[in-house]
Structure formats: C-alpha cells, structure tokens
Undergrad: 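Let me begin by handing over the structure; questions about it come next.
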Amino acid sequence: MRYPDRAFSAVLELPSCRFGVIESGDVITELHFLAPDLPLKAPTTPLGERLAVQLAAYLADPGIQFDLPVRPQGTVFQRQVWAQICAIPTGRVRQYQAIAKDLGSVARAVGQACGANPLPLVVPCHRVVSATGIGGFANHTDGWLIQTKRWLLWHEGLLI
DNA sequence: ACAAAAAACAATT
DNA sequence: AATTGTTTTTTGT
C-alpha cells in the first residue's frame, strides 16, 4: 500500500487499526487507515484536535455526524460517487450496483471511485457493499483493512 | 511533453 | 469466463 509523502498531523486510535490525518492549511485533505502496530501521535493542531473529539464521539455513538472543513479533490465522476455515499444514512448500506445505476455507470467503476476516496469514515464508503458479500476496503479484499470495514458496519449495527 | 493504447480495478452476470 | 466504465500506467511520437 502506498502512503502519502506528507506527514500525518495526528495518528488516532480505532479498535481495529490506526487513523492518520493529513491537513493543509485550514482544511483536512486526507485521512488514512494505518496498520494497527503504528505508534499513536497526539494531535498537534486545532483541526486534528477537533477530529479527535469527533472520532471519540463517533466511537461512543455511531449516530453522530462528522462536521469538519474538508477539501475533496477528485475527478467529476469520483465526486459524484462520493456525493452518493454521503447520502447514505448511518446504519444503512447500499450496493455498488445501486449507486452505479443512479450515475449511469457500472458497479466496478463505482468500487474504484470508492477506493480513491480521500476521506474514509467522514465519507462513509464502508457502507457500500457488493451484491454477494461485503466488498473490499481501501483497495484490499482481505487483511486488517477489511476487518476494519467489518468493525465499522458492526459498530453501526449492520453485522453480527 | 503529449496522445494513444493497454492494463488495472473495492463488481456482476 | 465475459463484460462493464473509469482511472492509471505504459508506450510511442
């Protein structure tokens, strides 16, 4: 997996892994799931602090919404997919197919756009699943990343 | 440096 | 195993 060259302004803790934050100026530009064995790093910026607070709130109650200044950058198609994903309410899932149909595209293209999502969790790409199973996560179909997707769905009451 | 071609991809039938 | 749409990487000029 390829990590960005810029440094994380904070590395927070999730039950199944770590969660890295990258910001530029006054907005968050990227979030990344990181391997569970990485060292934590306390937020060094007001924005990182704010995310840490909201993350803690989400861990306590999956119903809360993230409210952060973000700058999503991507192609037109990717932003359309991300907009569809943002429209999925907490505790609900949607299939790649369903989103593809709305956009006049195909499921596989939607999956690829999900993988390109720079703001996982805030843009809840974990709520998008395949027709036959759980689908992939962060460009993996197994390993601790997919475990993280399972955990998130479970946290929202969608899996046993 | 650019345009074209090929390959890759979180899927579905 | 064939196919889909989009993005990324490779190849040719």
Side-chain angles (χ1 to χ4, degrees), chain A residues 1-24 27-38 51 54-55 58-59 61-68 70-160:
Chain A
M1 102 164 7
R2 283 155 58 193
Y3 287 141
D5 47 353
R6 275 171 296 169
F8 295 106
S9 72
V11 177
L12 309 174
E13 182 162 29
L14 284 175
S16 58
C17 64
R18 306 275 117 106
F19 194 54
V21 188
I22 297 180
E23 48 193 281
S24 136
V27 295
I28 289 179
T29 52
E30 291 176 54
L31 298 172
H32 290 271
F33 290 107
L34 305 171
D37 53 6
L38 257 71
L51 177 65
Q54 295 191 22
L55 182 64
Y58 172 81
L59 292 178
D61 171 12
I64 77 115
Q65 304 277 335
F66 287 92
D67 174 30
L68 296 160
V70 296
R71 176 154 45 221
Q73 32 196 329
T75 65
V76 171
F77 176 75
Q78 287 168 345
R79 286 197 301 260
Q80 285 173 345
V81 172
W82 301 337
Q84 291 283 323
I85 296 173
C86 288
I88 306 174
T90 304
R92 300 291 302 279
V93 293
R94 207 149 175 239
Q95 298 189 346
Y96 296 105
Q97 290 191 105
I99 293 175
K101 192 181 168 203
D102 276 8
L103 296 179
S105 179
V106 294
R108 196 167 183 167
V110 171
Q112 196 180 219
C114 293
N117 171 21
L119 303 166
L121 202 55
V122 175
V123 174
C125 45
H126 55 275
R127 295 185 197 137
V128 189
V129 298
S130 99
T132 57
I134 195 175
F137 199 47
N139 299 309
H140 288 254
T141 49
D142 53 31
W144 58 269
L145 281 162
I146 200 68
Q147 289 309 318
T148 298
K149 181 173 185 176
R150 296 199 98 92
W151 186 87
L152 290 168
L153 290 172
W154 171 83
H155 185 50
E156 299 185 4
L158 300 169
L159 280 178
I160 23 175

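Basis for what follows: all heavy atoms, side chains included, without hydrogens, waters or symmetry-related copies. Chain identifiers are assigned alphabetically (A, B, ...) following the order of the sequence lines, protein sequences preceding nucleic acid strands; residue numbering begins at 1 within each chain.
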Undergrad: Please name all residues satisfying side-chain hydrogen bond (donor to acceptor under 3.5 Å, both in side chains) with A/Gln54, sequence neighbours left out, ordered by chain then number.
TA: none
Undergrad: Going 5' to 3' along DNA chain B, which nucleotides are the first and last within contact of chain A (any atom under 4.0 Å from a heavy atom)?
TA: B/dA8 to B/dT13
Undergrad: Dump the intermediate steps for side chain to side chain contact (heavy atoms under 4.5 Å, CB included) on A/Leu59 and A/Leu14, then the final yes or no.
TA: CA-CA 8 Å; A/Leu59 292 178; A/Leu14 284 175; 3.8 Å; yes
Undergrad: Under a 4.0 Å heavy-atom cut-off, which of residues 88-102 of chain A touch DNA chain B?
TA: A/Tyr96, A/Gln97
Undergrad: What heavy-atom pair brings A/Gly91 and A/Leu158 nearest, and what distance separates the two atoms?
TA: O-CD2, 2.9 Å
Undergrad: Give the residues of residues 128-136 of chain A touching DNA chain B, defined as any heavy atom closer than 4.0 Å, sorted by residue number.
TA: A/Ser130, A/Ala131, A/Gly136
Undergrad: Could I get the full list of side-chain hydrogen bond (donor to acceptor under 3.5 Å, both in side chains) partners for A/Glu13, not counting sequence neighbours?
TA: A/Arg18
Undergrad: What pairs of residues pass the side chain to side chain donor-acceptor pair (under 3.5 Å) test when at least one of them lies in residues 122-132 of chain A, not counting sequence neighbours?
TA: A/Thr90-A/Arg127, A/His126-A/Glu156, A/Arg127-A/Glu156, A/Ser130-A/Thr132
Undergrad: Using 30° and 60° as the class boundaries, would you call the ring planes of A/Trp151 and A/Trp154 parallel, tilted or perpendicular?
TA: tilted
Undergrad: Describe, in one word, how the ring planes of A/Phe33 and A/Phe137 are oriented to each other, choosing from parallel (under 30°), tilted (30 to 60°) and perpendicular (over 60°).
TA: tilted
Undergrad: Answer yes if the side chains of A/Glu23 and A/Ser9 hold a donor-acceptor pair under 3.5 Å, and no otherwise.
TA: yes
Undergrad: Tell me the closest heavy-atom pair linking A/Phe77 and A/Ala109, and the distance in Å.
TA: CE2-O, 3.6 Å
Undergrad: What pairs with A/Thr29 under side-chain hydrogen bond (donor to acceptor under 3.5 Å, both in side chains), at least two apart in sequence or on another chain?
TA: none
Undergrad: Test side chain to side chain contact (heavy atoms under 4.5 Å, CB included) on A/Phe8 and A/Ile22 and set out the steps.
TA: CA-CA 5 Å; A/Phe8 295 106; A/Ile22 297 180; 3.5 Å; yes
Undergrad: Mind checking whether A/Phe66 and A/Tyr58 have parallel, tilted or perpendicular rings, split at 30° and 60°?
TA: tilted
Undergrad: Can you spot which of A/Leu55, A/Thr148, A/Leu31 makes a side-chain contact (heavy atoms from CB on, under 4.5 Å) with A/Leu121?
TA: A/Leu55
Undergrad: Kindly write out the residues that satisfy side-chain contact (heavy atoms from CB on, under 4.5 Å) with A/Ile134, not counting sequence neighbours, or none if the list is empty.
TA: A/Ile146, A/Lys149, A/Arg150, A/Leu153, A/Leu159
Undergrad: If a pair means Watson-Crick or G-U wobble with both distances below 3.5 Å, what does DNA chain C look like in dot-bracket form, with | marking bases paired to a different strand?
TA: |||.|||||||||
Undergrad: Which ones in residues 109-126 of chain A lie close to DNA chain C, meaning a heavy atom under 4.0 Å from one of its atoms?
TA: A/Ala109, A/Gln112
Undergrad: Strictly by side chain to side chain donor-acceptor pair (under 3.5 Å), give each pair with a member in residues 101-110 of chain A just once, sequence neighbours left out.
TA: A/Arg94-A/Asp102
Undergrad: Kindly determine whether A/Leu34 and A/Val11 satisfy side chain to side chain contact (heavy atoms under 4.5 Å, CB included), including the steps that lead there.
TA: CA-CA 9 Å; A/Leu34 305 171; A/Val11 177; 4.2 Å; yes
Undergrad: Expected output is a numbered-order residue list: members of residues 75-82 of chain A with a heavy atom under 4.0 Å from any atom of DNA chain C. What is it?
TA: A/Thr75, A/Phe77, A/Gln78
Undergrad: Which atoms form the tightest heavy-atom contact between A/Ile85 and A/Cys125, and what is the distance?
TA: CG2-N, 3.7 Å
